[in-house]
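Notes follow the structure.
If you're wondering where the values come from, they're calculated on a predicted model, not measured in any experiment.
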Amino acid sequence: TEILPPHDHQMRAVLGVYRGRERNILYRRVNDRTFPAGELTLSAGQFHVFGPDDIHAVQALDGAVSLGLHIYLGPLSKAKRSLFDWVSGDPLPMSEAAFLDMKRAV
């Protein structure tokens with residue numbers, strides 16, 4: 001499986017899983033640094049509301065595809081979003097190419 005890179009949404013977002021299970025690795029920013037801050041596992045029928053500054057990486061569990069509904073409370077394509085380097089935690093500009101390049105195999 002793969003883990004999608006740490007990223008933010010810059011707006012409230014409701015993420016609900018309707019098939020499979022999804023592991024969210026949570027991060028927090030302190031003094032311009034990004035640190036792991038726990039995990040949240042969502043199973044079919046569960047949801048979580050992310051705040052504008054929340055950062056997470058996502059992995060489908062159990063060797064199966066995880067399907068979910070993501071509702072963003074704003075124009076996601078116009079938001080100035082960030083990816084966060086896996087090692088340093090430094091913010092990087094969000095782009096589709098960078099997002100795909102940063103995916104990790106597990």
Validation row: Trp86, Pro6 side chains within 4.5 angstrom (heavy atoms): yes

Flag, side chain of Ser66 to backbone of Ala60, donor-acceptor distance under 3.5 Å: no

Beyond-backbone contact of Gln46 with Val17, side-chain heavy atoms, under 4.5 angstrom: no

Sub-4.5 Å side-chain heavy-atom contact between Arg12 and Val49: yes

Non-hydrogen atoms of Ser88 and Arg33 that approach each other most closely: O-NH2, 3.1 Å

Exercise: identify the closest heavy-atom pair between Gly89 and Thr34: O-OG1, 2.7 Å

Residue pair Gln10 / Ala79: nearest heavy atoms and the distance that separates them: CB-CB, 4.2 Å

Distance, nearest 0.5 Å, that separates CG of Leu92 from CZ of Arg81: 13.5 Å

Hydrophobic cluster membership, Leu15 vs Met11, 4.5 Å side-chain cutoff: no

Linked, directly or transitively: Ile3 and Tyr27 (ILVMFWY side chains, under 4.5 Å): yes

Those residues that, when tested against Asp85, pass salt bridge (Lys or Arg N to Asp or Glu O under 4.0 Å) (two or more places apart): none

Pairs involving residues 35-65, ordered by first then second residue, that meet ring pair (Phe, Tyr, Trp, His ring centres under 6.0 Å) (sequence neighbours left out): His7-His56, His9-His56, His48-Phe50, Phe50-His56

Beyond-backbone contact of Asp8 with Phe84, side-chain heavy atoms, under 4.5 angstrom: yes

Sequence neighbours excluded - side chain to side chain donor-acceptor pair (under 3.5 Å) pairs with any residue from residues 92-106: Glu2-Lys103

Value rounded to 0.5 Å, distance of CG in Leu42 from CD in Glu22: 5.5 Å

Thr41 OG1 to Asn24 CG distance, which is reported to the nearest 0.5 Å: 7.5 Å

same_hphob_cluster(Val106, Leu40) at 4.5 Å side-chain heavy-atom cutoff: no

Nearest heavy atoms of Pro93 and Ala98, plus distance in Å: O-CB, 4.4 Å

Non-hydrogen side-chain atoms of Ile25 and Arg23 separated by less than 4.5 Å: yes

Leu83 CG to Asp90 CG distance, which is reported to the nearest 0.5 Å: 12.5 Å

Student check: side-chain heavy atoms of Asp53 and Arg29 closer than 4.5 Å: no

Carboxylate-amine/guanidinium proximity below 4.0 Å for Arg28 and Asp54: no

Joint hydrophobic cluster, Leu76 plus Met94, side-chain heavy atoms closer than 4.5 Å: no

Shared hydrophobic cluster, Tyr72 / Leu4 (ILVMFWY, side-chain heavy atoms < 4.5 Å): no

